[in-house]
Structure formats: structure tokens, C-alpha cells
Amino acid sequence: MPAPEFVLKLREKIGHDPLWIPAVRGVVFNDDGHVLLGQRSDNGRWALISGMLEPGEHPAPGLVREIFEETAVVAETERMVSVGVVGPVTFPNGDVCDFLDIVFRCRHVSGEARVNDDESLAVGWFPLEGLPDIRPGDLECIRRALLPEDAVHYEPGGTP
């Protein structure tokens, strides 16, 4: 899965040094209460749909764009679920990134889930009681998306 053009240009200047990237992740539910997952082409693992925001892009529309680009599903964000940090992540080529992770609960509006780009090997809807093996962070996002609407989680971080 290729890095966005803006990241490649930054990497030309900073090499493998740590890079701060705003990213979004979606917990997308359909009318049956199933959650949308994609099997990532980079590591073969099932995961929530996620992606990097383009410079100046707002998080909710950016996530809707990512969901459509990866799965052909049109979704609508309902609410923010959590804000946190993922990383540092060191990629096989030595690049290091920390991701500002903004998670939204979303609902399916239209479209049949299918692989729509080269970032996924497969996509599909899964019942909560029949999820494939996914990372604990994605499970936690799903758990938080099921909480009452006023329960937004954030990681307070260190002292100033």
C-alpha cells in the first residue's frame, strides 16, 4: 500500500525520522448491527477501516472518503468515539510514524462491501459475536462505539 504523495515528499526531506500523521478509523455498523472490516494487504490482518488524512482535510469527511475508497461503502459519521495516539510505528523500510488516531462511529448508507483498492485483500460485514482475529485496539474501538453517545474517550497524555 503506497504512502500518500505528501508523505513521500516529506520523507525526501526528513528521511526515516519520526513523522506525526493525523489518521482516522471507522467503526461502521449496518442495519443488522454488523461491523465492516477489511483484511489488510500489508499484513493480512482483519481491521477496522482506517487511513491518513490529506493536508487540511477534516476528519469526518476524510474517514467517509477512506471508507469508500477501500470498500465501496458509502457511510455517514454519527459521532466521535475516541481520540488517542498510536505509535511510534516503525515500518519495514525504517520510516517511523506516530498517528493521531481519531475514531468515529459510522452507519452504512449505501453500497455493497467489496475490495475497492489495493489496500485490502477482502472486506466484509461481521456480527459482533463472530469477529475474526483483530487487534485489541480495534476491539476496544468497537466496544467504545457501542457505549452511550455521551461517552467519548480521550487519552489525557503526560504533564505539560
Side-chain angles (χ1 to χ4, degrees), residues 1-29 35-73 75 77 79-106 113-126 128 131-147 151-160:
M1 134 176 66
E5 186 66 28
F6 80 93
V7 172
L8 297 175
K9 288 182 178 182
L10 284 170
R11 287 288 175 209
E12 288 175 6
K13 296 175 183 176
I14 68 167
H16 300 298
D17 288 351
L19 186 58
W20 178 247
I21 303 273
V24 286
R25 194 170 7 169
V27 183
V28 184
F29 292 105
V35 69
L36 180 63
L37 299 175
Q39 186 180 22
R40 296 175 55 103
S41 62
D42 60 350
N43 62 19
R45 295 199 64 158
W46 286 94
L48 293 171
I49 308 305
S50 62
M52 296 179 203
L53 294 174
E54 297 289 331
E57 187 174 33
H58 286 254
L63 176 59
V64 169
R65 174 188 54 77
E66 285 286 344
I67 292 167
F68 182 77
E69 285 178 0
E70 295 181 24
T71 69
V73 165
T77 57
R79 66 180 175 89
M80 188 183 305
V81 170
S82 65
V83 177
V85 176
V86 174
V89 175
T90 302
F91 292 92
N93 68 355
D95 288 352
V96 178
C97 292
D98 287 283
F99 296 94
L100 173 63
D101 184 39
I102 306 167
V103 181
F104 288 90
R105 178 187 167 118
C106 305
R114 64 177 170 84
V115 174
N116 205 35
D117 66 9
D118 62 352
E119 294 186 37
S120 300
L121 300 173
V123 299
W125 296 100
F126 292 86
L128 295 175
L131 295 173
D133 181 31
I134 61 175
R135 293 178 191 244
D138 280 345
L139 283 173
E140 182 61 17
C141 289
I142 293 169
R143 186 191 70 76
R144 290 177 184 154
L146 294 168
L147 293 174
V152 176
H153 175 82
Y154 71 97
E155 297 170 17
T159 57

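Residue numbers start at 1 and run along the sequence shown. Because only heavy atoms are used, hydrogens play no part in the values below, and waters and symmetry mates are left out as well, while side chains stay in.
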Partner residues of E12 under the side-chain contact (heavy atoms from CB on, under 4.5 Å) criterion, sequence neighbours left out: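 Residues passing side-chain contact (heavy atoms from CB on, under 4.5 Å) with E12: none at all.
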Shortest non-hydrogen contact from [X] to [Y]?
X: L131; Y: I134; answer: CD1-CD1, 4.3 Å
X: F6; Y: P55; answer: CD2-CD, 3.6 Å
X: I102; Y: P59; answer: CD1-CG, 3.9 Å
X: A113; Y: V73; answer: CA-CG2, 3.7 Å
X: L37; Y: P132; answer: CD1-CD, 3.6 Å
X: R105; Y: A145; answer: NH1-O, 2.8 Å

Check the pair V96 / T90 against side chain to side chain contact (heavy atoms under 4.5 Å, CB included), numbers first and verdict last. CA-CA 4 Å; V96 178; T90 302; 3.8 Å; yes
Can you sort out the partners of R79 under salt bridge (Lys or Arg N to Asp or Glu O under 4.0 Å), two or more places apart, ordered by chain and number?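 Salt bridge (Lys or Arg N to Asp or Glu O under 4.0 Å) list for R79, sorted by chain: empty.
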Partner residues of R135 under the salt bridge (Lys or Arg N to Asp or Glu O under 4.0 Å) criterion, sequence neighbours left out: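 Checked R135 against salt bridge (Lys or Arg N to Asp or Glu O under 4.0 Å); zero matches.
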Yes or no on side chain to side chain contact (heavy atoms under 4.5 Å, CB included) for V64 and F104, after CA distance, side-chain angles and deciding distance? CA-CA 10 Å; V64 169; F104 288 90; over 6 Å; no
Atom [atom1] of [X] and atom [atom2] of [Y]: how far apart are they, to the nearest 0.5 Å?
X: F91; Y: D42; atom1: CZ; atom2: CG; answer: 8.0 Å
X: L147; Y: S82; atom1: CG; atom2: OG; answer: 10.5 Å
X: L100; Y: M52; atom1: CG; atom2: CE; answer: 13.0 Å
X: L8; Y: R11; atom1: CG; atom2: CZ; answer: 9.5 Å

Taking only residues two or more places apart in sequence, or in another chain, which ones meet N93 in a side chain to side chain donor-acceptor pair (under 3.5 Å)?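 For N93 the side chain to side chain donor-acceptor pair (under 3.5 Å) partners, ignoring immediate neighbours, are D95.
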Keeping to residues at least two apart or across chains, list the salt bridge (charged side-chain N to carboxylate O under 4.0 Å, His left out) pairs with something in residues 51-63.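 Residue pairs with at least one partner in residues 51-63: E57-R65.
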Side-chain donor-acceptor pairs under 3.5 Å in residues 17-26, sequence neighbours left out?
{"unit_1": "R25", "atom_1": "NE", "unit_2": "D101", "atom_2": "OD1", "d": "3.3"}
{"unit_1": "R25", "atom_1": "NE", "unit_2": "D101", "atom_2": "OD2", "d": "3.4"}
{"unit_1": "R25", "atom_1": "NH1", "unit_2": "D138", "atom_2": "OD1", "d": "2.6"}
{"unit_1": "R25", "atom_1": "NH2", "unit_2": "D101", "atom_2": "OD2", "d": "2.3"}

Ignoring hydrogens and angles, write down the donor-acceptor pairs under 3.5 Å from the side chains of residues 43-50, residues two or more places apart or on other chains.
{"unit_1": "N43", "atom_1": "OD1", "unit_2": "R45", "atom_2": "N", "d": "2.9"}

Quick one, L128 with F29, criterion side chain to side chain contact (heavy atoms under 4.5 Å, CB included). Give me CA distance, side-chain angles, the key distance, then yes/no. CA-CA 10 Å; L128 295 175; F29 292 105; 4.1 Å; yes
